[in-house]
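First comes the structure, then the notes that go with it.
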Amino acid sequence: MTLRVGVIGTGAIGKDHARRITKTLAGAKVVAVTDVNADNANDCVKDLNLDAKICANGHDVINSAEVDAVIVTSWGPSHEEFVLAAIAAGKPVFCEKPLATTADGCNRIVQAEVAYGKKLVQVGFMRRYDTGYRALKAVVDNNKIGEPLMIHCAHRNPCVGENYKTEMAITDTAIHELDVLRWLTNDDYISAQVLMPKKSKHALSHLSDPQIVLLETSTGIRIDVEVFVNAKYGYDIQCEIVGETGIAKLPDPSSIIMRSEEKLSTEILNDWKDRFIDSYDIELQEWINSTLKGEVNGPTAWDGYAASVAADACVKAQKGGIVPITMGACPALYN
Ligand code: NAI
Ligand code: ISE
């Protein structure tokens, strides 16, 4: 059976997901797309040579009889509306991060899914599918370095556009760490603090960059995440776990080590699309496979909610102070 997919938002990642479904993955085909920018939808269909209809809006995609499952890759503020509509239509939905732009929005999705009585939502936290992060998780879960005590992370982008605001360092960028560190440690956060170091001259005037996010978990693990989105030199993701008996570090993507012109050198990637290309492929293939079986096996709406609760606290903490993080009890649907 082939899963017939509708894509809402065919910008950078929407078009890339449509490409991987069409050219790389098995078991699904893109049958409908939409974008508020008609050129983007047209280009997507034309460039990928899709046999797909172009719908007037996201709701037409969701309600189309030919669409079995939906991918939401529009801008963050529109995610909640489309995910809620997909749940109302009883259709599985893969939503790129953030699930919604606030914890309240994510909670409305959790409540709708709980009321529906079956998991339909998966969130695009692709790092959980990265080989390096999966190896790190195996180290932690198999107690190879004892209990994790501290975690040092960096999330560096070469540059960002002028629409990128200070709070997006949390809601758009560090949200990946907020999810993956909770998954790695099997722990939840209890507080957040954000420090603003000396500002880079490469950051636009309205943006505080870099930032340091400090988190504490319920078992007392202390985490620091450097978010630096005008780091210039490349796209660089670092994560080092300090345990009671050893240290485990996320590997860098493999690259040729060159000895040439009196230099020892290796390449650093420049784009999230390349750094996590294998993770996106595995993530969407597993989503297709699970969806065909009527299951959700990836990050759930509850995971989207948990990351968003922490993100809300971090955004508050950008103004100063240590902000507590509290979540209600996890509904049975997600246990
Ligand atoms: P983008 O701006 O390149 O593309 C978004 C597209 O959605 C645009 O073509 C826009 O016209 C369209 N759109 C916006 N609102 C819409 C609506 N209401 N209905 C239909 N189309 C609409 O942005 P990008 O980088 O592709 O990001 C999209 C989403 O994916 C964001 O939530 C972002 O955070 C997430 N993302 C996730 C990544 C990951 O690593 N998992 C990487 C990049 C983006
Ligand atoms: C982007 O939206 C992503 O999700 C990338 O993975 C992240 O590195 C980047 O900072 C975000 O803007």
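Note that the coordinates shown come from a computational prediction; the quantities given were computed from them, not determined experimentally. Counting starts at 1 for both ligands and their atoms, following the listed order. Only heavy atoms go into these numbers, but all of them, side chains included; no hydrogens, no water, no symmetry mates.
Assignment of M168 to the shell around ligand 2 is not supported, since no heavy atom sits closer than 4.0 Å.
Residues D47 and R19 are not paired through a salt bridge, judged by the lack of any N-O separation under 4.0 Å between the basic side chain and the carboxylate.
Side chain of N57 to backbone of H59: a donor-acceptor contact under 3.5 angstrom is found.
Residue-to-ligand polar distances keep W272 apart from ligand 1: every N/O pair is separated by 3.5 Å or more. The shortest N or O to N or O distance between I13 and ligand 1 is below 3.5 Å.
Near F82, with a cut-off below 4.0 Å to any heavy atom, the atoms of ligand 1 are 17 (C), 18 (N), 19 (N). Every atom of ligand 1 is numbered from 1 in the order shown, and the set under 4.0 Å from a heavy atom of D172 is 34 (O). Those atoms of ligand 1 that come under 4.0 Å of a heavy atom in N40, given as number and element, are 8 (C), 9 (O). The contact set between ligand 1 and E96, taken as ligand atoms under 4.0 Å from a residue heavy atom, comprises 30 (O), 35 (C), 37 (C), 38 (C), 39 (C), 41 (N). Ligand 1 places these atoms under 4.0 Å from at least one heavy atom of H79: 32 (O). Listed by atom number, the atoms of ligand 1 under 4.0 Å from A12 heavy atoms are 1 (P), 3 (O), 4 (O), 25 (O), 26 (O). Atom numbering of ligand 1 starts at 1 in the shown order; those under 4.0 Å from a heavy atom of N37 are 11 (O). Residue G124 approaches ligand 1 through these ligand atoms, each under 4.0 Å from one of its heavy atoms: 41 (N).
Contacts with ligand 2 closer than 4.0 Å are made by side-chain heavy atoms of N157 only, the backbone lying farther away.
Remark: the Q285 side chain and the D281 side chain contain no N/O donor-acceptor pair separated by less than 3.5 Å. Under the 3.5 Å distance criterion, with hydrogens and angles disregarded, a donor-acceptor pair is assigned to the side chains of R127 and Y133. Under the 3.5 Å distance criterion, with hydrogens and angles disregarded, a donor-acceptor pair is assigned to the side chains of T10 and D35. One side chain, H155 or E177, offers a donor N or O that lies under 3.5 Å from an acceptor on the other. Side chains of H152 and E226: no donor on one and acceptor on the other come within 3.5 Å.
Side-chain contact between E113 and T300 is absent, with no heavy-atom pair separated by less than 4.5 Å.
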